[in-house]
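Okay, so here's the structure we're looking at.
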Amino acid sequence: MSKQVRVRFAPSPTGPLHIGGVRTALFNYLFAKKHNGVFYLRIEDTDQTRFVPGAEEYIMEALEWLGISPEETVEKNEKFGPYRQSDRKELYQTYADQLINSGWAYYAFDTPEALDAHRKQHEAEGKTFIYNHHNREKLDTSLVISSEEVAKRIANGEHYVIRFKTPVDETLHLKDIIRGDVKFETNLLDDKVLFKSDGMPTYHLANIVDDHLMETSHVIRGEEWLPSMPLHVLLYRAFGWDAPEFAHLPLILKPIGNGKLSKRDGDKLGFPVFPLEWKTEEGISSGYREKGFFPEAVVNFLALLGWNDGTDKELFSLEELVEAFDLNRVHKAGAKFDPEKNKWFNHQYLIKQNDADLAKDFSPILVEKAIDVSKYDVTRIVSLIKERANFVSDFWDLTDFFFQAPTSYDEKASKNWKEETPALMQELISVLENIEDFTSVNIEAIVKDWLTKNEIGMGKVMQPFRLSLVGALKGPHLFDIVEIIGKEETISRIQKAIAIL
Ligand code: GLU
């Protein structure tokens, strides 16, 4: 790659960042880092009607949480600043004028009411109204009136927009890094609005001007922008600028059925589609962070939505992703979102965490349950159960018996409590009472020795023993539990079980 790689994530702050947007940001980040380039963030807020307060901050916070913050953005290394389009407003007019002067654009004075009437009339005839070469000279445009008249109407404050004058009868053969050659007929394109009389550019104009001024080398974005590609390439041509390279990423699809993953799918199946929680008056949308996902796990599963390194490898650190990432290996076909797989990824990252760190994360939950954390070796407890957890929030259900005696006994498991059980448990108590060195290995050796010597079947004692301590036939190695809860508590729980069962 000859020129310096500069790629951008260019969200519109219209709400919380959807997980698809996060994947776009991630792929840009990976591509930039892979090629020693720059990943920057530009806020595309030219459509003020869709502006949502807090969305910009949300985007920044989400990227930061994921560890993929941009190198340049609003208030950070503003080399080509400002990085918020509403702060660049003054700039776009000149470029719109330039296109008017070179004949690549024209003024259109049609009022919204007039356009609506055209649309309705077409609909009535079973047709779709499209504003382009076939009718632009019959509509109220600067193409058919004198420049004096145009100037006068603008000076009078008449409503107008500036539209792109799409060339006629051309087949565009464009290159997309992921899709290869893509073909577009210019006659089928509409003359998109580039600029409005309120002084604001539309997305198309602002996006091209900024990508040029900010020296964007590659445009990596979602597939939904593919239909805009011909207009964008033509705009570069109109300005006489080199176009960046394009790569349109595959859609992220619903876990079941067809179509794009939506927030509703998440609500229905109980998984977040946003990186961070988003609160509005209408309610709370859950976020991966608040659900207890590790940012590394989110990055990892997003990277594999539409990409792999050509092997079966699934677990990648961010550094490994940077190393392995290749836009040429991104798939064309949509990528199915698998919430179960996401949990698996989180599990993989959870078991890699240091036990002491996990214990620290678990502590607030214990405190909430009124457990005196200082009395327990939470790190050890966590080490015994983390293999069975996907999230730190699973820990309580896996460990509650370490901290409190069971209050009920699993019904099915209680069937193992037989006639002879109380007597055996009583004997077990005597055995335990005499153990000096109350450590897991030693207790196990002594109890097993007692069983062998008296020819008592393992199951006859071990299952009721576990049931007494845990309340169910679950949990880690029984003698680890015995050691951790201690002699006194163990005996008291067996006595309680004898009394109740
Ligand atoms: N502002 C557009 C968006 O919201 C950016 C599209 C692009 O990357 O060109 O996704």
Side-chain angles (χ1 to χ4, degrees), residues 5-32 37-52 54-60 62-63 68 70 72-74 80 82-89 92 95 164 174 176-179 182 192-195 200-236 239 241 243-252 260-263 273-275 302 306 327 330:
V5 166
R6 286 184 54 84
V7 292
R8 79 321 190 254
F9 178 48
S12 300
T14 55
L17 193 55
H18 184 273
I19 207 76
V22 181
R23 200 248 341 234
T24 300
L26 173 63
F27 281 21
N28 274 283
Y29 175 93
L30 297 176
F31 184 75
V38 171
F39 167 59
Y40 75 88
L41 174 84
R42 184 174 69 228
I43 297 293
E44 300 211 322
D45 60 345
T46 53
D47 188 352
Q48 295 288 315
T49 58
R50 297 180 60 219
F51 177 80
V52 172
E56 185 180 316
E57 294 74 11
Y58 178 99
I59 292 165
M60 305 272 193
L63 298 185
I68 55 169
E72 299 168 13
T73 188
V74 180
F80 295 97
Y83 283 73
R84 193 189 285 122
Q85 287 185 329
S86 58
D87 296 335
R88 302 168 68 79
K89 190 176 159 193
Y92 305 111
Y95 290 95
F164 188 63
L174 307 181
D176 181 275
I177 298 174
I178 296 163
R179 279 144 224 284
V182 263
K192 280 272 186 299
V193 173
L194 301 177
F195 197 82
M200 270 302 207
T202 60
Y203 153 71
H204 300 292
L205 179 69
N207 184 271
I208 271 35
V209 167
D210 288 346
D211 274 341
H212 172 70
L213 296 178
M214 297 180 170
E215 297 182 5
T216 306
S217 62
H218 297 74
V219 168
I220 304 167
R221 60 185 175 189
E223 184 179 332
E224 62 274 27
W225 299 101
L226 188 62
S228 299
M229 187 183 175
L231 168 65
H232 293 181
V233 171
L234 288 168
L235 276 166
Y236 283 101
F239 282 119
W241 298 334
E245 291 189 49
F246 288 89
H248 289 91
L249 306 175
L251 293 177
I252 299 181
K260 220 168 124 175
L261 177 74
S262 70
K263 179 169 140 26
V273 296
F274 301 124
L302 284 178
L327 268 184
V330 174

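Numbering of ligands and ligand atoms starts at 1, following listing order. Everything numeric here is computed off the predicted structure, so don't read it as measured data.
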Heavy-atom contact check, 4.0 Å cutoff: does Glu224 meet ligand 1? no

For atom 7 (C) of ligand 1, which of the options Arg221, His204, Arg42, His232 provides the nearest non-hydrogen atom? Arg221

CG of Leu251 to CG of Leu261: how many Å apart, nearest 0.5 Å? 10.5 Å

Identify the protein heavy atom lying closest to atom 8 (O) of ligand 1, giving its residue, its atom name and the separation to 0.1 Å. Arg8 NH1, 2.7 Å

Does any N or O of ligand 1 fall below 3.5 Å from an N or O anywhere on Val219, backbone included? no

Out of curiosity, Tyr203 OH to Asp210 CG, how far, rounded to the nearest 0.5 Å? 11.0 Å

If only side-chain N and O atoms count, and only distance matters, is there a donor-acceptor pair under 3.5 Å linking His248 with Arg179? no

Ring centroid separation for Phe246 and His218, is it under 6.0 angstrom? no

Do the two ring centres, one from Tyr83 and one from Tyr40, sit under 6.0 Å apart? yes

Tell me the closest heavy-atom pair linking Arg42 and Pro11, and the distance in Å. O-CD, 3.4 Å

Which atoms of ligand 1 are found less than 4.0 Å from any heavy atom of Glu44? 1 (N), 2 (C), 5 (C)

Give the residue and atom name of whichever protein heavy atom lies nearest to atom 2 (C) of ligand 1, and the separation in Å to one decimal. Ala10 O, 3.3 Å

protein heavy-atom neighbour closest to atom 6 (C) of ligand 1 works out as Tyr203 OH, 3.3 Å

So, Asp45 side chain and Phe51 main chain: donor-acceptor pair closer than 3.5 Å or not? no

I need the contact type for Asn207 against ligand 1. Using non-hydrogen atoms and a strict under-4.0 Å cut-off, is it side chain, backbone, both or neither? side chain

Nearest protein heavy atom to atom 4 (O) of ligand 1, by residue and atom, and its distance? Ser12 OG, 3.2 Å

